[in-house]
There are 4 protein chains.
Amino acid sequence: MNRFELRIRYADVDPMGWVYYAHYLRFFEIGRAEMLRALGRSYAQVETEDGILLPVLEARARYLQGARYDDLITIETGVLDTARASVRFGYRLVGPSGAELALGFTEHCYLTREGRPVRPSAALRALLDQAPGVDAVLGERMRRGS
Amino acid sequence: MNRFELRIRYADVDPMGWVYYAHYLRFFEIGRAEMLRALGRSYAQVETEDGILLPVLEARARYLQGARYDDLITIETGVLDTARASVRFGYRLVGPSGAELALGFTEHCYLTREGRPVRPSAALRALLDQAPGVDAVLGERMRRGS
Amino acid sequence: MNRFELRIRYADVDPMGWVYYAHYLRFFEIGRAEMLRALGRSYAQVETEDGILLPVLEARARYLQGARYDDLITIETGVLDTARASVRFGYRLVGPSGAELALGFTEHCYLTREGRPVRPSAALRALLDQAPGVDAVLGERMRRGS
Amino acid sequence: MNRFELRIRYADVDPMGWVYYAHYLRFFEIGRAEMLRALGRSYAQVETEDGILLPVLEARARYLQGARYDDLITIETGVLDTARASVRFGYRLVGPSGAELALGFTEHCYLTREGRPVRPSAALRALLDQAPGVDAVLGERMRRGS
């Protein structure tokens, strides 16, 4: 899976002292953007060059251990599975000590700027085909939804 | 289900012109906080008077139709189910025209301020017992995870 | 000045237990949007009907006392002053006990969707002309920048 | 001044296609945190080891040119000036092409965890004394408040 490091900021942490749960979905966005960039083509290019948007159909996060202010965490991202009209990315957030902080996935469809469903461009399809898959452990846990 | 109206703000909307997907989890927080308040006891009181926190174990959102800037949406919230050591709240976001925007749930456990698992106080248990359930349609869709 | 009530949410509060400082600028946005709505024409209408955007040229906030989770605060908003090509709104956030939490202003110019400077439409000019001014105390404190 | 690179994310950008104005204050937080870290002592250490918090008394931002999605911007941070009981940090955000995006400052006081004013510890004072100042151009523009 693609790995990207992220620093937890003051703005991310709630009064309990842990990262506020909605921010993990922001971190998932960062993970998939950086995975695509590492493959050689950014999500920004997909939007501007191919005219294809990947809005989120579904998002799921399991919270195992809270991240704290100033932690340097790692976002692991891979493709969970692809269908004709959608793709699912899987994520694992890992803390400084190596502990799993959170797991999750997002499911996306393909739309034109005008909001019409569209097939992924050849370039986008090729990009997703070369993307790393999620590891077996994460894949299994995400698929059985447990 | 409890109903609470919310105005979409500029800060909530992404460059696609739709509410950014992570913000729906903030809206879920608002929904459950206002449901408890409507029952006569705020989440703030649960934290300060009972010393019990309800961190999120899992969150899930299905995105059906995007909300737009300045939309006045309705957050419907109810209890999806309760277990001995956890509770799940279900949510439906409804747009100005009555269209379903998103569905989701959050699962919470009970912790002391020190982070130790704890049974819900009698007052909290009573509060959750009087809470409205999710309607049958939402409950069915959330339980079968589809 | 226009008054609008806002509930502080978990997502707004930082690990110090006070509202994170950047969120006050979101609250200023809410204040000016609700002031315009109360005058009978929303900022959304200004964008869609007049095709005029009001991007922020400058923002300033003074933090007097922190707001806390679940506080119901009041956002007071008025016009600080207008120039040919810009307008400044002034803000005061007031806590549940009536204490001043923060003061600030934002300065805006007028742009077309394409980003070209434009004169405000007659309708927008009329809207701003009827807007309440800031009270003398706030105006004085903002103008002398102290 | 200390320089730190930051990638603009989808969550940061508003429907105008530019970074939402409040987020610049988050970027200022990142700038000062990374400046302190580069000096060898993190803000997290100041809080936990010295027991001193630096809440914001005032924040100001001038917006010169909007940042866009996926831009890699540079946050330049330095000490604008220090007083007995407060410190001001100055910031310049620079876009990919080298254009100035925004300028600003934040003023901070020193508090104990209990919220009592306190003198900065010797270690914190030493840290701020070694910090880079803002460059002359930024200093001049911030001081004359223009």
Side-chain angles (χ1 to χ4, degrees), chain C residues 11-33 43-44 46-48 51-68 86 89 91 101-115 141-146, chain D residues 11-33 43-44 46-48 51-68 86 89 91 101-115 141-146:
Chain C
D12 299 322
V13 181
D14 72 13
M16 284 190 198
W18 302 323
V19 170
Y20 182 68
Y21 83 124
H23 295 317
Y24 287 79
L25 270 56
R26 276 206 297 115
F27 301 164
F28 292 171
E29 177 215 329
I30 292 170
R32 61 186 179 262
Y43 177 72
V46 172
E47 277 201 3
T48 53
I52 296 178
L53 311 179
L54 274 74
V56 179
L57 295 179
E58 178 164 356
R60 183 167 189 161
R62 206 111 40 75
Y63 303 91
L64 305 174
Q65 191 179 308
R68 297 251 172 208
S86 65
F89 300 110
Y91 312 90
L101 304 177
L103 308 174
F105 71 77
T106 57
E107 182 176 357
H108 305 256
C109 63
Y110 309 104
L111 294 184
T112 64
R113 291 193 178 297
E114 297 67 43
R141 288 161 78 178
M142 287 293 110
R143 283 189 199 85
R144 75 166 190 272
S146 70
Chain D
D12 299 322
V13 181
D14 72 14
M16 284 190 200
W18 302 323
V19 169
Y20 183 69
Y21 82 124
H23 296 317
Y24 287 79
L25 270 57
R26 277 207 294 118
F27 300 165
F28 292 171
E29 178 214 328
I30 293 171
R32 60 187 180 261
Y43 177 72
V46 172
E47 277 200 4
T48 53
I52 295 179
L53 311 178
L54 274 74
V56 179
L57 295 178
E58 180 164 354
R60 183 165 188 161
R62 205 109 40 75
Y63 303 91
L64 306 174
Q65 190 178 309
R68 299 242 171 220
S86 65
F89 301 109
Y91 312 90
L101 304 177
L103 308 174
F105 71 77
T106 56
E107 182 176 358
H108 304 256
C109 63
Y110 309 104
L111 294 184
T112 64
R113 291 192 178 295
E114 296 67 40
R141 289 161 78 178
M142 286 293 108
R143 282 189 199 84
R144 74 164 190 272
S146 71

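Labels below follow one simple rule: chain letters A, B, ... track the order of the sequence lines, proteins then strands, and each chain is numbered from 1. Side-chain atoms are counted along with the backbone in the values below, which use heavy atoms only and exclude waters and symmetry mates.
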Report summary line: Taken to the nearest 0.5 Å, the spacing of C/R60 CZ from D/F105 CZ works out to 5.0 Å
Report task. Evaluate the side chain to side chain contact (heavy atoms under 4.5 Å, CB included) criterion for residues C/R113 and D/M16: first the C-alpha distance (whole Å), next the side-chain angles of each, then the deciding distance (0.1 Å), finally the verdict. Result -> CA-CA 8 Å; C/R113 291 193 178 297; D/M16 284 190 200; over 6 Å; no
Report task. Just give me the residue among C/L53, C/V56, C/D14 that pairs up with chain D most often, heavy atom to heavy atom, under 4.5 Å. Result -> C/V56
Report task. Please round to the nearest 0.5 Å and tell me the distance separating atom CZ of C/R62 and atom CG of D/L57. Result -> 10.0 Å
Query raised in the report: Regarding D/E29 and C/Y20, is there a side-chain donor-to-acceptor distance under 3.5 Å anywhere?
Result: yes
Query raised in the report: Between C/L25 and D/Y24, is a side chain to side chain contact (heavy atoms under 4.5 Å, CB included) present by the stated rule, with each step listed?
Result: CA-CA 10 Å; C/L25 270 56; D/Y24 287 79; over 6 Å; no
Report task. Identify which part of C/L64 has an atom lying under 4.5 Å from any heavy atom of chain D, answering side chain, backbone, both or neither. Result -> neither
Requested in this report: Could you tell me whether the side chain of C/P55 reaches within less than 4.5 Å of the side chain of D/Y63, counting heavy atoms only?
Outcome: no
